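Data block below; observations after.
Nothing fancy with the numbering, it's 1 onward along the sequence. Everything quoted here is computed from the prediction, not taken from an experiment.
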Amino acid sequence: MGALTTVGGLWALQKCAHLGIVRGLRAPRVSHELRSHASGLPRDQVTEIDIPTTGGKRLSAWLVMPPRSSGTPLPAVLVMHGWGSNAAMMWPVVPPLHAAGFAVLLMDARCHGHSDDETFTSMPRFAEDMASGLAWLRTQPAIAGDQLALLGHSVGAAAALLHASQHDDVRAVVSLSAFAHPEEVMRRFMAEKRVPYPLLGWYVLRHVQKVIGTSFDRIAPLRTLAAVNCPTLLVHGLSDRTVPVEDARRLVAVSSKARLMLVEGDHDLRDALAPHGPALVAFLRDAIETPTDKPHSGAG
């Protein structure tokens, strides 16, 4: 009986620790209203849609279509926000892409915005949601399924690199404020919260990797970017205090297909991107219009 009591107590303690870690790391859900009348675009150019994703969950998204002068399918950019953000917060990237003739799919990841909830989300789940968005785009007659690109911010950027490292179904990736390694992000976060690493931090890191089903090393942008075959633009703020600019310099060093654009801005980058809209468009247009002999079937 004593042994059973001890085992039961340990199980209960572990369960409490699990719930505490998951709740403590849960992203805040920020609601938003993104409607055609609020976008400044004609109502027929902004469509609210639902996209199915892994586990029978539903993703909330908005498809922004430029005016079409012909029946030719359009290139498209899937845009993913960062941790605790939402699709509406990524709106500043839309105007230059829309003006350049790109369709734009703005998505809420699971547990964010208006998308379905989960017991937890993670960078790999962001990548799963992006894969679902790409799959949906390829079913749309007005979209050129072989001319797709990804644009992500922070965790969304890391997820874009993770997806592109496993699939040859996008022509380009634009990474905004990506971190080099998730363990470093976690350790900085715990240091800010004054979680003592020798006592608790190591357990939190180990448990999080167990929950998400993979190791930080396997999904770290330092590893995944090296396996990305398409052109990649790393955009990073010189005043980023969340992810040091040195992370961007370490990332660009691991890939011959990546280039670095340093801008005057912080981690958010929403205000900082406006002057660089033409450069983003030029990068995407060049990557999408350059002939490639690689398959774009979605197979990894």
Side-chain angles (χ1 to χ4, degrees), residues 53-54 59 75-83 90 105 107 109-110 121-138 145-186 205 208-236 243 246-261 280 283-284 286-288 290 292-300:
T53 193
T54 305
L59 301 174
V77 181
L78 186 156
V79 176
M80 180 59 80
H81 56 78
W83 195 260
M90 297 300 294
L105 182 65
M107 298 178 59
R110 277 172 285 177
T121 191
S122 62
M123 187 242 284
R125 285 191 168 177
F126 268 60
E128 290 175 354
D129 293 342
M130 296 177 89
S132 298
L134 289 171
W136 183 86
L137 283 171
R138 289 193 291 270
D146 62 345
Q147 296 182 21
L148 305 179
L150 295 174
L151 185 153
H153 175 252
S154 195
V155 170
L161 296 174
L162 177 60
H163 176 89
S165 72
Q166 299 171 340
H167 305 268
D168 282 323
D169 60 351
V170 294
R171 291 289 189 95
V173 175
V174 177
S175 160
L176 307 179
S177 307
F179 47 81
H181 201 292
E183 180 172 332
E184 296 169 2
V185 175
M186 288 288 297
L205 293 181
V208 169
Q209 291 172 92
K210 181 179 179 181
V211 169
I212 67 176
T214 189
S215 71
F216 289 147
D217 286 338
R218 288 183 61 85
I219 62 174
L222 276 176
R223 178 181 182 274
T224 60
L225 177 55
V228 173
N229 291 317
C230 64
T232 302
L233 179 63
L234 303 170
V235 185
H236 212 98
V243 177
E246 184 59 30
D247 277 32
R249 295 190 175 103
R250 290 161 62 198
L251 285 173
V252 75
V254 305
S255 171
S256 62
K257 296 182 179 295
R259 52 177 283 203
L260 178 60
M261 178 191 292
L280 291 178
F283 167 79
L284 288 167
D286 182 64
I288 286 175
T290 299
T292 176
D293 56 2
K294 286 188 173 296
H296 292 272
S297 63

Note, [X] side chain near [Y] side chain (heavy atom, < 4.5 Å):
X      : Y      : result
Ser255 : Val228 : no
Leu162 : Met130 : no
Met107 : Met90  : no
Asp286 : Leu284 : no
Val173 : Cys230 : yes
Leu234 : Met261 : no
Leu151 : Leu78  : no
Val77  : Leu105 : no

Point-to-point distance, once rounded to the nearest 0.5 Å, from CZ of Arg259 to CG of Leu233
5.5 Å
Going from OG1 on Thr54 to CZ on Arg110, what distance comes out if it is rounded to the nearest 0.5 angstrom?
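Thr54 atom OG1 to Arg110 atom CZ measures 5.0 Å (nearest 0.5 Å).
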Would you tabulate the side-chain donor-acceptor contacts of residues 246-254 under 3.5 Å, counting partners in other chains and residues two or more places apart, or write 'none'?
unit_1 : atom_1 : unit_2 : atom_2 : d
Asp247 : OD1    : Arg250 : NH1    : 3.4
Asp247 : OD2    : Ala180 : N      : 2.9
Arg250 : NH1    : Glu184 : OE1    : 3.1
Arg250 : NH2    : Glu184 : OE2    : 2.9

Of all the heavy-atom pairs spanning [X] and [Y], show the shortest one and how long it is.
X      : Y      : value
Ala109 : Leu59  : C-CD2, 4.3 Å
Ala164 : Val170 : CB-CG2, 4.2 Å
Leu150 : His163 : CD1-CD2, 3.9 Å
Met80  : Gly156 : CG-CA, 3.9 Å
Arg171 : Pro231 : O-CD, 3.2 Å
Ile288 : Ala149 : CD1-CB, 4.5 Å

Salt-bridge contact Asp217-Arg223 (side-chain N to carboxylate O under 4.0 Å):
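A salt bridge is absent here (no side-chain N lies under 4.0 Å from a carboxylate O).
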Under 4.0 Å between a Lys/Arg side-chain N and an Asp/Glu carboxylate O for Arg138 and Asp169?
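The answer is yes: the pair qualifies as a salt bridge.
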If the condition is side chain to side chain contact (heavy atoms under 4.5 Å, CB included), which residues does [X] pass it with, not counting sequence neighbours?
X      : value
Ser154 : His267
Ala157 : Ser175, Ala178
Pro182 : Phe179, Phe216, Ile219, Ala220, Pro221
Ala76  : Ala103, Leu137, Ile143, Leu148

Let me see the working for Thr224 and Ser165 under side chain to side chain donor-acceptor pair (under 3.5 Å), right down to the final yes or no.
CA-CA 5 Å; Thr224 60; Ser165 72; 4.9 Å; no
Evaluation steps, side chain to side chain contact (heavy atoms under 4.5 Å, CB included), between Gln209 and Ser215:
CA-CA 5 Å; Gln209 291 172 92; Ser215 71; 3.6 Å; yes
Determine whether a donor-acceptor pair (N or O, by modelled atom type, separation under 3.5 Å) exists between the side chain of His153 and the backbone of Ser177.
no
Classify the angle between the aromatic ring planes of Trp83 and Phe126 as parallel (below 30°), tilted (30 to 60°) or perpendicular (above 60°).
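Geometry flag for Phe126 against Trp83: parallel rings.
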Test of understanding: with salt bridge (Lys or Arg N to Asp or Glu O under 4.0 Å), list the residues that count as partners of Arg125, not counting sequence neighbours.
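Checked Arg125 against salt bridge (Lys or Arg N to Asp or Glu O under 4.0 Å); matches are Glu118.
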Check against side chain to side chain contact (heavy atoms under 4.5 Å, CB included), Val243 and His236
CA-CA 9 Å; Val243 177; His236 212 98; 3.6 Å; yes
